[in-house]
Amino acid sequence: MSAVMPTEPAASTTAARRTQSISERLHYLWYLSRRSPLTLVGAAIILLVLIMIIAAPVIAPYNPDKVSLTARLLPPSAAHWFGTDEVGRDLFSRVIYGARASCGAAFMIVLISMSVGVLIGCFSGVVGGRVDTAIMRLMDVVLALPALVLAMALAAALGPSLFNSMLAVAIVRIPAYVRLARGQTLSLREQVFVKASRTFGASPFYILRWHILPNAMSPIIVQATLDLGGVVLIAAALSFIGLGAQPPTSEWGALVSSGRSYMLDQWWYATFPGLAILITAMGCNLVGDGIRDMLDPRLRGR
């Protein structure tokens, strides 16, 4: 018993230090956020979008797919905040549910492209040689083509659907993460701790898992956050031209596409989904800029 009892205060002290460290980091992030009000604006926008995604059934006043021909193309009013579409569906409800399709697709695109691109880039940088050369020449070929045009071609080849458009955009975005991860890997593999690990016989996969990835994630996270806004726009563009989400799915780009025929007389049809795309992309860019400033040591002392 005498040997066990002293470990309890030590364990509680360690837990208290961890809690204090987490609290200090949160306070530091809040301090940096207050120095950039635009970052807080972007965070508020992202939070609002997340609430829309999670609580869509609670927030939406109507079923987004309920047709009411007697209420077709009604202007914004107390009953229908964003008006109605050509078959009487409530546009406010459809925009709310559209956040699930548009933002959910954008998040999955960034997650897939980042995961695959980081693994390929780090592996290429660690292995080097002909494997590295072959991978990077392939990435150069993909990057040489316009991103939107290539995404359109892939989506058309796979067939029009939300899943296929997600896959097409994710493939197009992979090379950017490969180049970024490879650059970080080439820098990190010259560090002393990586050379020491290689000297003791560590395998490339061990070095990749325990040394490269943990130290290369900061710029990659910044890039992923900044990518979200652009991916929202690309995914909406594919849906706008009919290669993304198909009716009756509530998706912002598809809603803008449906409303363009009524733009002159029923302005609200395309305007509100378009504003949702614009505000969400702006919020992602503001948060991405804020995270970049927080993680940049050159800006911390300002």
Side-chain angles (χ1 to χ4, degrees), residues 46 49-50 52-54 56 64-65 85-87 89 91 93-121 135 138-181 220 223-261 269-270 272-274 276-278 280-281 284-285:
I46 299 301
V49 172
L50 290 176
M52 290 168 57
I53 294 173
I54 296 172
D65 298 324
D85 63 8
E86 73 275 15
V87 292
R89 293 173 295 193
L91 279 178
S93 301
R94 290 183 66 76
V95 169
I96 294 293
Y97 275 88
R100 289 185 168 184
S102 298
C103 298
F107 177 78
M108 290 304 300
I109 288 169
V110 171
L111 181 63
I112 293 171
S113 58
M114 181 183 69
S115 301
V116 176
V118 167
L119 289 177
I120 295 175
I135 291 175
L138 178 61
M139 296 300 110
D140 290 340
V141 171
V142 178
L143 287 171
L145 301 173
L148 182 57
V149 175
L150 182 57
M152 290 168 56
L154 291 174
L158 295 172
S161 72
L162 182 59
F163 177 80
N164 289 340
S165 66
M166 287 169 49
L167 186 60
V169 179
I171 292 174
V172 171
R173 293 303 305 158
I174 285 175
Y177 290 98
V178 172
R179 291 173 65 95
L180 179 59
I220 293 170
Q223 181 64 39
T225 309
L226 290 171
D227 263 358
L228 275 174
V231 168
V232 169
L233 295 176
I234 295 178
L238 292 180
S239 295
F240 180 82
I241 61 177
L243 296 176
Q246 301 299 305
T249 303
S250 298
E251 199 274 340
W252 291 341
L255 291 176
V256 174
S257 178
S258 299
R260 62 179 173 173
S261 302
Y269 195 162
F272 289 114
I277 297 172
L278 172 64
T280 302
C284 293
N285 290 334

Test of understanding: with side-chain hydrogen bond (donor to acceptor under 3.5 Å, both in side chains), list the residues that count as partners of R94, not counting sequence neighbours. D65, S250
Atom SG of C103 and atom CD1 of I53: how far apart are they, to the nearest 0.5 Å? 4.5 Å
Minimal non-hydrogen separation, A106 against V231, with atom names: CA-CG1, 3.6 Å
Shortest non-hydrogen separation from V49 to T280 and the atoms involved: CG2-OG1, 3.8 Å
Please report the closest heavy-atom contact between L143 and A176, naming both atoms and the distance. CD2-N, 4.4 Å
Output the distance between atom CE (M166) and atom CG (L111), rounded to the nearest 0.5 Å. 9.5 Å
Set of ring-ring contact (aromatic ring centres under 6.0 Å, His included) partners for F272, sequence neighbours left out: F82, W267
Please report the shortest heavy-atom distance between G159 and N164, naming the atom on each side. O-ND2, 2.9 Å
Measuring from atom CZ of R100 to atom CD1 of I54, what distance do you get when rounded to the nearest 0.5 angstrom? 9.0 Å
Please output the side-chain donor-acceptor pairs of residues 236-246 that fall under 3.5 Å, not counting sequence neighbours, one pair per line with the distance.
from	atom 1	to	atom 2	distance (Å)
S239	OG	A235	O	3.3
S239	OG	A245	N	3.2
S239	OG	E251	OE1	3.1
Q246	NE2	G242	O	3.0
Q246	NE2	G244	O	2.8

When the side chains of residues 148-157 are checked against the rest of the protein, which donor-acceptor pairs come out under 3.5 Å, sequence neighbours left out?
none

Output every pair passing side chain to side chain donor-acceptor pair (under 3.5 Å) with a member in residues 104-119, not counting sequence neighbours, ordered by first then second residue. none
Separation between CD1 of I174 and CD1 of I109, rounded to the nearest 0.5 Å: 11.5 Å
Residue pairs involving residues 101-113 (criterion salt bridge (Lys or Arg N to Asp or Glu O under 4.0 Å); sequence neighbours excluded): none
Residue set satisfying ring-ring contact (aromatic ring centres under 6.0 Å, His included) with Y269, at least two apart, ordered chain then number -> Y262
Residue pair I46 / C284, side-chain heavy-atom distance below 4.5 Å: yes
Rounded to the nearest 0.5 Å, what separates atom CD1 in I234 from atom OG in S165? 11.0 Å
Under the criterion side-chain contact (heavy atoms from CB on, under 4.5 Å), I'd like the reasoning laid out for W252 against L278: C-alpha separation, chi angles, the key distance, then a yes or no. CA-CA 10 Å; W252 291 341; L278 172 64; over 6 Å; no
Listed once per pair and sorted, the salt bridge (Lys or Arg N to Asp or Glu O under 4.0 Å) pairs that draw on residues 159-169, sequence neighbours left out: none
Could you tell me which residues satisfy salt bridge (charged side-chain N to carboxylate O under 4.0 Å, His left out) with D140, sequence neighbours excluded, listed by chain and number? R137, R179
How far apart are the closest heavy atoms of P64 and Y97, and which atoms are they? CG-CD1, 3.5 Å
The side-chain hydrogen bond (donor to acceptor under 3.5 Å, both in side chains) partners of S261 (sequence neighbours excluded) come to none
Closest non-hydrogen atoms of V256 and A270, given as atom of the first, atom of the second and distance, are CG2-O, 3.9 Å
Would you confirm whether S257, through its side chain, and G253, through its main-chain N or O, come within 3.5 Å as a donor-acceptor pair? no
Pairs involving residues 149-177, ordered by first then second residue, that meet salt bridge (Lys or Arg N to Asp or Glu O under 4.0 Å) (sequence neighbours left out): R173-D227
Only counting residues at least two apart or in another chain, list the ones meeting side-chain contact (heavy atoms from CB on, under 4.5 Å) with N285. none
Gap separating the CG atom of L91 from the CD1 atom of I96, nearest 0.5 angstrom: 11.5 Å
